[in-house]
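A quick write-up on the structure given underneath.
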Amino acid sequence: MAETPEETPETEETPATEAPDTQSTPSTGTAATETEAAAPAEEAPAEESQPEKPAAPAATTRRERLEERRSARRKPRGQTSVEERVAERKARREHTAAERRRYRARTKTKKAELRAAQPAPEPDHAPEHGPGRAKVRQGIVVSDKADKTITVRIDVVRRHKRYHKIMRTSIKLHAHDESNDAGTGDTVRIQECRPMSRSKRWRLVEVLERAK
């Protein structure tokens, strides 16, 4: 019975000795969190201090942009034999040739459609005339006595360069009339042509007005 009171103080002292341990535990936890919080703060300036890698310069010219697109499309391939490379080159050339043929066929068809839609252009010169644009004159027939030949008077009215006086002159030209269509007094249009005789260098194009 005497030993029982002695044990009770020991049991009462046990919580007192454990109390400081429980109080010290939170302090160690807070210290650990503070060290962890300080570590990222110290690492952040270190990361900021590191110089950034310079970005690749942007392509400015058309050729550089084209090379970039080609390099992006280009697929890396392993080691190939000579025969495989020759076969690839041949297939690529055949493909390019087929595209070229299709393009030329389309272009030819479009040009043919455009030519068919446009009216036939009038020739710049008479069929018997040489290169260049043939001269065209308008005048009055003064004689149709010869066979297939008419004499056309062309009146020229111009102002003198210095005295500014109106000057009237006329010239006579012999023109070829294949069907003897024009008569004396008719207003006709004639066109330059190849030499058809000693004095004929013109031919009848049309009769503009008949003589009354």
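Computed over heavy atoms, backbone and side chain alike; hydrogens, waters and symmetry mates excluded.
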Exercise answer: donor-acceptor pairs, residues 94-108 side-chain atoms, under 3.5 Å, sequence neighbours excluded:
residue : atom : partner : partner atom : Å
His95   : NE2  : Glu99   : OE2          : 2.8
Thr96   : OG1  : Arg92   : O            : 2.9
Thr107  : OG1  : Tyr103  : O            : 2.9

Distance-only donor-acceptor pairs under 3.5 Å for side chains of residues 153-170, two or more places apart:
residue : atom : partner : partner atom : Å
Arg153  : NE   : Asp155  : OD1          : 3.1
Arg159  : NH1  : His164  : O            : 2.8
His160  : ND1  : Arg162  : N            : 3.0
His160  : ND1  : Tyr163  : N            : 3.2

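Remark: side-chain polar atoms of Glu64 are paired, donor with acceptor, to backbone N or O of Thr60 under 3.5 angstrom. Using a distance-only test at 3.5 Å, with no hydrogens or angles considered, a donor-acceptor pair links the side chain of Ser71 to the main chain of Glu68.
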Between Glu206 and Val188, does the side-chain contact (heavy atoms from CB on, under 4.5 Å) criterion hold? Intermediate values first, please. CA-CA 6 Å; Glu206 60 178 332; Val188 296; over 6 Å; no
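No single ILVMFWY cluster, assembled from side-chain heavy atoms under 4.5 Å apart, contains both Ile140 and Ile171. At a threshold of 4.5 Å between side-chain heavy atoms, the hydrophobic network of Ile, Leu, Val, Met, Phe, Trp and Tyr places Val152 and Val207 in one connected group.
Summarising the geometry, atom NE2 belonging to His174 is positioned 11.0 Å from atom CZ belonging to Arg198; distances are rounded to the nearest 0.5 Å. Rounding to the nearest 0.5 Å places NZ of Lys172 at 7.5 Å from OG1 of Thr151. Interatomic distance, CG of Leu208 versus CD of Gln138, reported as 5.0 Å (0.5 Å rounding).
Using modelled atom types, one finds no donor on one side chain facing an acceptor on the other under 3.5 Å when comparing Asn180 with Asp144.
Heavy-atom minimum distance, Ser197 versus Arg201: O-NH1, 2.6 Å. Closest approach of Ile150 to Ala182, counting heavy atoms only: CD1-CB, 4.1 Å. Heavy atoms only, all atoms of each residue included: Trp202 and Lys135 are closest at CZ3-O, 3.6 Å. Annotation for Ile190 and Leu204: closest pair CG2-CA, 4.2 Å, computed over non-hydrogen atoms.
Residues Asp181 and Arg210 are paired through a salt bridge, judged by an N-O separation under 4.0 Å between the basic side chain and the carboxylate.
The side chain to side chain contact (heavy atoms under 4.5 Å, CB included) test applied to Arg62 returns Arg65, not counting sequence neighbours.
Checked against Arg203 for a side-chain hydrogen bond (donor to acceptor under 3.5 Å, both in side chains), the options Glu192, Gln191, Glu178, His176 give a single hit: Gln191.
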